[in-house]
Number of protein chains: 2
Amino acid sequence: MAIQRSKIVAEALDLLDAEGIDGLTMRRLAQRLQIQAPSLYWHFPSKQALLDGMSDALMESVARDVDSAASYEERVRQVSHEIRNALLSRRDGAQVFSGTYVSTENVLRVGESLISALRDGGLDPRSASWGAFSLLYYILGFTIEEQGLAALDETAFHKQQEAFRQMAQAQFSNAFAAAGELFESDPEDRFTFGIDRLIAGLRPSE
Amino acid sequence: MAIQRSKIVAEALDLLDAEGIDGLTMRRLAQRLQIQAPSLYWHFPSKQALLDGMSDALMESVARDVDSAASYEERVRQVSHEIRNALLSRRDGAQVFSGTYVSTENVLRVGESLISALRDGGLDPRSASWGAFSLLYYILGFTIEEQGLAALDETAFHKQQEAFRQMAQAQFSNAFAAAGELFESDPEDRFTFGIDRLIAGLRPSE
DNA sequence: ACCTGAACACCGTTCAAGT
DNA sequence: ACCTGAACACCGTTCAAGT
């Protein structure tokens, strides 16, 4: 029996999770699937196409059942957290996703859910679509950074933090004061803070 | 005379601009500098260290003279645009920057300028530092996406757009309506929209 | 102090050939 | 229709050796 596309994508996500984005190679993936690397090119025209498939799969469970009774702001908040959680579900998920520009059903459903919630909140079509993408950019930027820092080992993380404090102390008092807020805070709290500020900023004024 | 670190970074940025992030290899960089690839490892311990140096250099001119007479919101807006312009100044600049976690003078000055402006606006230390990073995440996410789309050639861009409209039309009415707003708008306008919404959302309420 | 030659252990991708 | 073997044109990095 031949290998299915979906099986390859699932295995690729497992490999990503195990080895990170640098360890995700066509050869290693093939090995896991017990085929030879060139065989993958019968199923996908390129590695990029495989990454596109992985991005689509990452969004599979997002915005499936949005609580239609909730306020529009609550719906935006809910979907935003779902997106972040989906990206976090695999190592380097945000980086994989940000390198792709897919218009698949899963990805468009996510976009649609944000835009339609904002429309329900009274935003005009332009503000709703630009607003939805603003939210996505924030979510992506935040999560890329979060996963990138998570990739550092204990020692590297500590060195990073030390360099920051050292440099900031000498010249940048506010940045120095910020060090604690950044390094010792829960990422979830920081994420929520930014999302809520952005949602508030998108509120129609009248 | 030996080659200086700064010369290598400058040449690396030129190579990035000419070939994009995939074309930025140690061998090609060495060739431009008329040395052999392994020689680069006397100046930088790894390619990552070189990328860190490039990120620092990208921020060199940002937040140099912030208009101290301007309102805090105006200052945040100004620095945000400067960051975006700095990232845009080199092909794939945002992607290079987002992969690095440098605490150098240039990068910290940028952070400091945002945090201190927000502090002047009346935000508490935690909100100011989290807010500054929220702005940075948005800027990074936006600019990565912008430069990624710019990397597509005309045909690929058109195909992308078609796939989006096709899929959206069938099932996602709001996303379909958003297509025009996205594909035909000035990125500068969309960037400004999001930044201004976020700045508004960060405004202290009382 | 700064640079080279040669090599190691990999990559993504192509393509003729097999079943 | 699906897969393999062999190869191409690269990578980042190490290291002994040169000046």
Side-chain angles (χ1 to χ4, degrees), chain A residues 1-55 91-92 95-102 148 151-153 156, chain B residues 1-55 91-92 95-96 98-102 148 151-153 155-156:
Chain A
M1 233 262 297
I3 280 171
Q4 306 97 316
R5 249 185 90 95
S6 61
K7 174 88 205 297
I8 296 178
V9 170
E11 195 70 44
L13 286 169
D14 286 347
L15 176 57
L16 178 71
D17 222 19
E19 309 278 356
I21 199 164
D22 288 338
L24 177 66
T25 74
M26 298 301 265
R27 288 166 207 260
R28 288 207 225 194
L29 174 57
Q31 196 178 3
R32 272 172 168 257
L33 291 163
Q34 312 210 58
I35 57 176
Q36 301 303 309
S39 307
L40 290 168
Y41 288 82
W42 194 90
H43 300 275
F44 293 90
S46 66
K47 185 179 183 180
Q48 186 55 56
L50 173 65
L51 290 166
D52 289 350
M54 294 169 70
S55 286
R91 172 136 64 126
D92 297 332
Q95 222 182 309
V96 166
F97 189 86
S98 90
T100 62
Y101 303 91
V102 281
L152 303 175
D153 55 41
Chain B
M1 234 262 297
I3 280 171
Q4 306 98 315
R5 248 185 91 94
S6 61
K7 175 85 205 297
I8 296 177
V9 171
E11 195 70 44
L13 286 169
D14 286 347
L15 176 57
L16 177 70
D17 221 19
E19 310 278 355
I21 200 163
D22 289 337
L24 177 65
T25 74
M26 299 301 265
R27 287 167 208 260
R28 288 207 226 195
L29 175 57
Q31 196 178 3
R32 273 173 166 255
L33 292 162
Q34 312 210 56
I35 57 176
Q36 302 303 310
S39 307
L40 291 168
Y41 287 82
W42 194 90
H43 300 276
F44 293 91
S46 65
K47 186 180 183 179
Q48 187 55 57
L50 173 64
L51 290 166
D52 290 350
M54 293 169 70
S55 285
R91 174 142 56 131
D92 298 332
Q95 221 181 310
V96 166
S98 90
T100 63
Y101 302 91
V102 282
L152 303 174
D153 56 40
T155 343

C:dA16 and D:dC2, which share atom name C1', separated by this distance in whole Å: 15 Å

Taking the P atom in each of C:dA9 and D:dA9, what is the distance between them to the nearest angstrom? 23 Å

Would you kindly compare A:Ala37 and B:Lys47 by the position of their nearest DNA chain D nucleotide and give the one closer to the 5′ end?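 In this pair, the answer is A:Ala37.
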
With rounding to the nearest 0.5 angstrom, report the [atom1] to [atom2] distance, [X] to [Y].
X	Y	atom1	atom2	result
A:Met26	A:Ile8	CE	CD1	8.5 Å
B:Asp14	B:Arg32	CG	CZ	6.0 Å
B:Arg27	B:Leu29	CZ	CG	12.5 Å

If I take atom [atom1] in residue [X] and atom [atom2] in nucleotide [N], what distance separates them, rounded to the nearest angstrom?
X	N	atom1	atom2	value
A:Gln36	C:dA17	CD	C1'	15 Å
A:Arg28	C:dA9	CZ	C1'	11 Å
A:Ile35	D:dC3	CD1	P	6 Å
A:Arg27	D:dC11	CZ	C1'	11 Å
A:Glu19	C:dC11	CD	P	10 Å
B:Met26	D:dT14	CE	P	10 Å
B:Gln31	C:dG5	CD	C1'	16 Å
B:Leu50	D:dG12	CG	P	10 Å

Where the side chain of A:Ser46 is concerned, which of D:dT13, C:dT13, D:dA1 is the nearest nucleotide? C:dT13

Counting only side-chain heavy atoms from C-beta out, which of D:dG12, C:dT4, C:dG12 sits nearest to B:Pro38? C:dT4

G-U wobble or Watson-Crick pairing nucleotide for D:dG18 (cut-off 3.5 Å, both distances):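 Paired with C:dC2.
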
For C:dA9, what is the paired nucleotide under Watson-Crick or G-U wobble rules, both distances under 3.5 Å?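 Looking at the geometry, C:dA9 pairs with no nucleotide.
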
Taking atom CG of A:Asp22 as the centre, report whether more than 12 heavy atoms of other residues, nucleotides or ligands fall under 6.0 Å from it.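 Atom CG in A:Asp22 is not packed in, count stays at 12 or less.
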
Heavy atoms from other residues, nucleotides or ligands near CD of B:Gln31 exceed 12 (cutoff 6.0 Å):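 Counting other residues, nucleotides and ligands, CD of B:Gln31 stays at 12 neighbours or fewer.
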
Compare side-chain N and O positions of A:His43 against OP1 and OP2 of D:dA1 and report whether any pair is under 4.0 Å apart.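 So the side-chain polar atoms of A:His43 never come under 4.0 Å of the phosphate oxygens OP1 or OP2 of D:dA1.
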
Heavy atoms under 4.0 Å, any strand shown: does A:Ser39 hit a base, just sugar-phosphate, or nothing?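 Answer is base: heavy atoms of A:Ser39 come under 4.0 Å of a base.
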
